[in-house]
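In what follows, chains carry the letters A, B, and so on, assigned in the order in which the sequence lines appear, proteins first and then strands, with residues in each chain numbered from 1. Because the structure is predicted, anything quoted here is derived from the model rather than measured.
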Amino acid sequence: MKKRIPLFIVFLVGMLMIIQFFIPHRLSVTFYTGFLNWFTAMVLFALIIGIGTLLNRHFKKIKRKDDDWGFSIVTITGFFGMLLIGIFGGIGEGTLFMKLFEFVLTPLQATMFALLAFFIASAAFRAFRARTFEASLLLIAALIVMLGRVPIGDKLTFGFASTLTEWIFRIPNMAAKRGIQMGIALGMIATSLKIIFGIERSWLGSDD
Amino acid sequence: MDIIKKILHLDRRIIFLTLFIVLLITPFIHLEMKINITNPTRRIFNDVEEMSEGDPIIVSMSYAPFAKPELYPMTLAFLRHCCMKKLRIIFVATNEAGMSIAIQAMEEIKMEFEYEHGKDYVLLAFNPVLSAVMLGMGESITDIFPEDYYGNKTKGLKVLKDVNDYRDIKLLMDFSAGDSPVWWVVYANTRYNQRIGTGVTAVMAADFYPYLNTGQMIGLINGLKGAAEYETLINHTAEATEKMTSQAIAHIVIILFILIGNIAYFIDKRNKRKERHGTA
Amino acid sequence: MELLSNILNPWNLLAAFLTFAIFSFLYKDNPFYKFAEHLFVGVSLGYSTCIIIFNAFIPKVVNPIFTDFSHNWHLVIAVLLGMMYFFRFSSKYRWLIRFPMAIQIGFTAGISVTLRMDARLFKQLKFTVMPLDNIYTIIVIVGVISVLIYFLFTFKRKGILNPLAKLGTIFLMVGFGATFGNTVMARISLLIGRISFLLKDWLHILE
Amino acid sequence: MGLSLKPSKLTSLPENERMSSLPLYRIRGVLIIFYLFILIIPVFGKQFNFKAFDTPNDSGNSISIYLTVTDNFSTGRYVIYRIDEDNNEFEVVNFELSDSKILEFSFIDSNVKDGVGYRYQLYYTKKNLSSYFILSETSFIYSSPQWYHKKKTPVLIGILIYVLVLFLSILLAKRGGIKYIRKLPGLDAIEDAVGRATEMGKPVLYLTGLERISNIATIASLDILARVSKKVAEYETPLLIPCFDPIVLIIAREIVRESYSFTGKPDIYNEDNIYYITGNPFGYVAAVDGIMMREKPAANFYLGAFYSDSLILAETGAATGAIQIAGTDSPIQLPFFIAACDYTLLGEELYAASAYLSRKKELLGTLKTLDIMKILIMIFILLGSILITFEIDITGFLIR
């Protein structure tokens, strides 16, 4: 019963969602958007639990005086600071909330993302060795596209790189992407159907 | 021989440092570069060009500040174009930080074109359940967004006058660092036939070529290069065009690293073969 | 003087400091990075919580319930379902959290079936089927089929399947290489953006 | 060439022009002229086509209007009026053509109520003449919502075929009809990776991707987690799962807890190892990078939906020397995982992983389903392409 009811709910909700796709009637639309609003209502409570697990972890670190426990204070202060500033100071233009967004969150996100420039260079250096036939293909395609994407590279190859880049994107790359995409679509549908029909029950924990 | 081994197992921090130094110097170098305009960019430009004054369009902000270097220049260029054409701009965000970027962008250009919030453009509130937003706007924009970003009632806003759902929207332009354009296609185009254009990071661009071919997306602005193209199209040279130099030199540096790595690999392989022959 | 005050502007200093703190991770893990990382987690969580409360929960849940209860009473059920997540703290009723879980998972599964079939599969198929009157279309079709053969799970790769699966590998590798090469530009532009913040917005060396 | 104009167009007309162009009494006044014109129109022959009908496959409250005109009418002003059963009039659309190339228009009138009858009148005037005349009038049209979207039938058939194949292949699998399954080295390596972590006394790191529960890839990853966590429980190795979505967190905790009790080791399950970090992608990645540098997990699993963050994670993991197994359905992230990880599950293989790991017969049946569907697709592509070469199109049903 502890498993049967949830499995039945999954089946019911899943089937309703499939059926409503075929019904253009207002009722179906209302039903659907109503459901979506439900998730907006539900997500907050999950978030509260989520935040609880994070804070709990950091409080424990502080209490136990683990390594780096001082940094846990930074996280906790950062969270409550931002939350209270937002709740009491508002979140519109010109508020402290937006200032913190602009001068703390923005540089942090942007810099974290910018690390990718370094990592892509080092990954390219390590991985792009003509060890096997497949690896050589990867290497050559990557080199051509890199040259084809910038004006200088194109000049160096007398326009050859950009023409070939365009060709690679339109023909082999497209074929590969389509093949992968179709496979993924099949996989997604299979996974969804497995779950709806209760063939896959592992999301409930053990399925045996 | 030692040097070959060293190159093969090069400390990645040397690559990091080289790249950093190169990019620190290149902004001071100016090279004239001719930017050729690709078709997908031109198609977006033409679509906007053909609209008439007061036509409403939706601009979806689907990126967080981390993607700003790549997407902000094209966002600005596109919005500038919309303002030139005096279109009504409706901003939605599929990313919680998207609205902040929209605010920033409008701050930059609204004086020049005398755009006013509520009258010429509107920032709708962010709703974390994307599918709700994307589908809901097919039924009623003011229902799914009862309030705008500042908490005003959306019903009665001048900019939303006679704008009910997708059918009133000429173009939905999504600036995205993720796969949100696919979701717009799935929800807005598949269900409601909304015309969709996108501006995406170069990484994602490759993924969207199939959608361009199928016509599910009308056009696509591809990364910083696309932004430079759009800047050229609207005759307003800015950030993107300037950054193409650094871009080009960095590419050459990385290609050199790959070549050096491969040369070292081949020398090493030959040496090993020689050694084996020697001992045999 | 104006320049100096810009450099010393506490907000700019903070942003520049955080930029360097994250970059320092490239050398090795260190206290500056740890500080930036922990601050990042705390502040971003506080930020998104505020946004969810103000821009979603209040306008979409609280306001509708309190202003127009007769049309929105069902949201109360959703709130109760959300609260069921708290049963995880009870050992006796813990299994009840499977109710909201099941609704969420059922919804995702149901919606995926139709939309994937429609938007991903059918439309990809439609535009793969092309007249075989030029070499490019033929290459694309051969490519798609060989990639699909590569992914077969329950058929032994023998006979014609073997070379076709190999061909699929070739298409995949060229595609992956192209994607990788194309991404380099994007990633470099991110770093250019950060450097231009340091040189332009902060130090004003570059105009 | 469809063009969608809506009543909103009216407001963009200059105020004075609208005033002068169309007060109704004037139209009535010129009806006489209209009747004169009626005599002339047949001379032009059938030069326009005007019809209105209930918008098909919609949610109601909408009537579609369709209008084509010919060259003779490519200049001038058109007005369409809607008149309801109580003779209330409403201007639906009002637009002007000046030597237009577009001669085909469709409008949607979404200001109507279901079940009420409306008729539509088309008025026309040559440029700048205030004399309008009726070109055409429809009979009463009733709007209604539909209960079935006819154009979606192919999707329905597609799903039915899929379900049929699914159950047949499960039946086949249950009778032992599946003898061969392609090796997926990435999944075979899971056991070794967990074993190695145990030997080294280091934890295992499992990421379900940077997506929420509303993504099917996340659910696929949770299914794989159910299998992996049993192995981890057997080896008694700590399992770290930093989460991106709070609902995923709650489910992940349930799954892992069940796995530990299933393996008979509920006492060593440590809930604190599964926790939420933040829903900000880069904040999340910054924290996971920190975990990798400090806790030095010996095995990293990245299974689910990943975005640009994939390479930050994988490169940092590679630098710490962990065995890395990745799998994602995001095609553009695959090259980065391939470059920086030891094993990568490509696209579809992520969805096959749970079945592959469980080895349960009915789940193995789903692998057969995937293959049969792929073969059907291949046949369709080949057949369709050959036929379309001879101008027989069998793909029309695929798009609406």
Practice task
Establish, yes or no, whether a centroid distance under 6.0 Å links the rings of C:Tyr150 and C:Phe171.
Solution key: no
Handout entry: Near-ring test A:Phe39/C:Phe107, centroid separation under 6.0 angstrom
Key = yes
Problem - Residue pair A:Lys3 / A:Arg201, side-chain heavy-atom distance below 4.5 Å - result: no
Problem - A:Phe35 side chain reached by A:Gln20 side chain, heavy atoms, under 4.5 Å - result: no
Please state whether the side chain, the backbone, both or neither of [X] comes within less than 4.5 Å of a heavy atom of chain C.
X	value
A:Phe169	side chain
A:Phe118	side chain
A:Asp68	side chain
A:Ile18	both
A:Leu47	side chain
A:Phe101	side chain
A:Ile180	both
A:Lys194	neither
A:Ile195	side chain
A:Ala135	neither
A:Phe80	neither
A:Leu139	neither
A:Ile48	side chain

Exercise for the section: With a 4.5 Å cut-off on heavy-atom pairs, point out which of A:Thr106, A:Asn173, A:Ile51, A:Val10 contacts chain C the most. Expected result: A:Val10
Handout entry: Contact leader toward chain C among A:Leu108, A:Leu83, A:Leu137, where contacts are heavy-atom pairs under 4.5 Å
Key = A:Leu108
Problem - Proximal component of C:Thr169, with respect to chain A [non-hydrogen, under 4.5 Å] - result: side chain
Problem - chain A contact via C:Phe151 - which portion, at a heavy-atom distance below 4.5 Å - result: side chain
Fill in the blank from the handout: Among residues 30-38 of chain C, those lying within the under-4.5 Å heavy-atom range of chain A are C:Pro31, C:Tyr33, C:Lys34, C:Phe35, C:Ala36, C:His38
Exercise for the section: Compute both the distance and the angle, then confirm whether A:Arg131 meets the cation-pi test with A:Phe128: under 6.0 Å from the six-membered ring centre, within 45 degrees of the axis. Expected result: no
